[in-house]
Undergrad: 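Sharing a structure below in structure tokens format, with a few things to ask.
The chain is numbered in sequence order, starting from 1.
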Amino acid sequence: AIATEVRRARHCALCLTRKTSLSPAAGSGPHDTVGAFPEATVEAIHRIASDPARLSRGFFEKALAGGLSPEAYVELVGGVTQVVAIDAFCRALGVPSHPLPAPLPGEPSGYRPAGLAEGEAWVPMIAQGSAGEAEGDLLPGGRAPNVARALSLVPDAARAMRALGAAQYVPIERVPDVTFSERALTRAQMELVAGRVSALNECFY
């Protein structure tokens, strides 16, 4: 349902109005939604999917006030960004979007890792040097860039993003390796494409 909502956001009239306005608060009315989620969740999915460059702490705090927990927000960010990345890649290749898999039954585990630090970002993240054995893969050698720690409040969301990054870019442990040459593109060509895409997407990171 989250992935379906992400795909709706791309053509949502309210999102398109906001995206072309000076302020993301512009425009009024409902989102084009599948109707599976509370309003705060729909707003979060659509904003993360359609206008990520202008997310703010105020937006995040409003999502929490609307009933999302920090853990649910992190899981949304992970899921939304993966669907956006995969669908955008399909569009770039001129192939249809992948059909969505059938959802599996079950409840969220509610697992919260040890070693979390508050105040470094909007959400808690595993602190540098504080990953327990269970999360050692997320901070190899005890440290990782902030962008790699961003989803660590929900470790499986972080692992899923790392797997996608390894497929579409390079494995995180190979990022410092400027000689990475196991793909059709050289590392310099990868960085040129990545930098250009980031600029076009107005990536504030």
Side-chain angles (χ1 to χ4, degrees), residues 1-101 103 108 118-125 146-147 149-154 157-158 160-161 164-165 168-169 193-205:
I2 291 171
T4 301
E5 198 70 67
V6 171
R7 289 178 172 178
R8 285 286 187 100
R10 188 161 179 264
H11 304 286
C12 172
L14 177 58
C15 291
L16 291 171
T17 297
R18 288 176 168 178
K19 181 70 175 172
T20 56
S21 300
L22 287 176
S23 168
S28 60
H31 286 286
D32 177 13
T33 174
V34 296
F37 300 108
E39 183 178 342
T41 305
V42 171
E43 172 70 7
I45 293 170
H46 280 241
R47 282 287 305 280
I48 295 164
S50 68
D51 200 7
R54 296 192 293 179
L55 299 182
S56 64
R57 182 177 285 277
F59 157 77
F60 169 68
E61 290 173 351
K62 188 173 181 181
L64 297 190
L68 283 174
S69 66
E71 291 83 358
Y73 178 81
V74 167
E75 194 152 11
L76 269 185
V77 169
V80 170
T81 52
Q82 287 179 71
V83 174
V84 167
I86 294 169
D87 283 358
F89 190 66
C90 288
R91 288 195 303 275
L93 294 179
V95 300
S97 297
H98 298 288
L100 298 175
E118 303 274 354
E120 291 189 63
W122 299 345
V123 296
M125 302 188 299
N146 290 342
V147 70
R149 291 191 298 139
L151 301 179
S152 62
L153 177 60
V154 182
M161 186 60 73
L164 180 61
Q168 289 194 331
Y169 178 45
V193 172
R196 181 61 177 154
V197 169
S198 294
L200 291 172
N201 288 338
E202 299 177 350
C203 174
F204 62 82
Y205 203 93

Undergrad: Using modelled atom types and a 3.5 Å cut-off, is there a donor and acceptor pairing between side-chain atoms of Arg91 and backbone atoms of Ile86?
TA: no

Undergrad: Around Leu93, counting heavy atoms of other residues, nucleotides and ligands shown, do more than 12 lie under 6.0 Å from its CG?
TA: yes

Undergrad: For side-chain contact (heavy atoms from CB on, under 4.5 Å), just list the numbers for Tyr169 and Val193, CA-CA rounded to whole Å, side-chain angles, deciding distance to a tenth of an Å, and then say yes or no.
TA: CA-CA 10 Å; Tyr169 178 45; Val193 172; over 6 Å; no

Undergrad: Taking all non-hydrogen atoms of both residues, which atom of Met161 and which atom of Gly78 are closest, and how far apart?
TA: CE-O, 3.8 Å

Undergrad: Please name the pair of heavy atoms, one in Ala157 and one in Leu151, separated by the smallest distance, quoted to 0.1 Å.
TA: O-CD1, 3.8 Å

Undergrad: Output yes when a side-chain donor or acceptor of Thr33 lies under 3.5 Å from a complementary backbone atom of Gly35, and no otherwise.
TA: yes

Undergrad: Please find the pair of heavy atoms, one from Ser69 and one from Leu64, that lie closest to each other, and give the distance.
TA: C-CD2, 3.8 Å

Undergrad: Once the angle between the rings of His46 and His31 is folded into 0 to 90°, is it parallel (under 30°), tilted (30 to 60°) or perpendicular (over 60°)?
TA: tilted

Undergrad: More than 12 foreign heavy atoms under 6.0 Å from CZ of Arg57: is that the case here?
TA: yes

Undergrad: Would you mind listing every salt bridge (charged side-chain N to carboxylate O under 4.0 Å, His left out) that reaches into residues 6-19, with sequence neighbours excluded?
TA: Arg7-Asp87, Arg8-Asp32, Arg18-Glu43, Lys19-Asp51

Undergrad: Is the number of heavy atoms from other residues, nucleotides or ligands within 6.0 Å of CD (Glu39) greater than 12?
TA: no

Undergrad: Closest heavy-atom contact between Pro124 and Pro70?
TA: CD-CB, 4.4 Å

Undergrad: Provide the closest heavy-atom pair for Leu68 versus Ala44 in the form atom of the first, atom of the second, distance.
TA: CD1-CB, 3.9 Å

Undergrad: Does any non-hydrogen side-chain atom of Phe37 lie less than 4.5 Å from one of Ile2?
TA: yes

Undergrad: Kindly write out the residues that satisfy salt bridge (Lys or Arg N to Asp or Glu O under 4.0 Å) with Glu120, not counting sequence neighbours, or none if the list is empty.
TA: Arg149

Undergrad: With rounding to the nearest 0.5 Å, note down the distance linking CG in Leu76 to CD1 in Ile45.
TA: 5.0 Å

Undergrad: Between Ser21 and Pro24 (side chain of the first, backbone of the second, donor and acceptor by atom type, cut-off under 3.5 Å), is there such a pair?
TA: no

Undergrad: Taking atom CZ of Phe60 as the centre, report whether more than 12 heavy atoms of other residues, nucleotides or ligands fall under 6.0 Å from it.
TA: yes

Undergrad: Side chains of Leu153 and Tyr73: closer than 4.5 Å at any heavy-atom pair?
TA: no

Undergrad: Working to the nearest 0.5 Å, report the span between OG of Ser56 and CD of Glu61.
TA: 8.5 Å

Undergrad: What closest approach, in Å, do Ala40 and Ala63 show between heavy atoms, and which atom pair accounts for it?
TA: CB-O, 4.5 Å

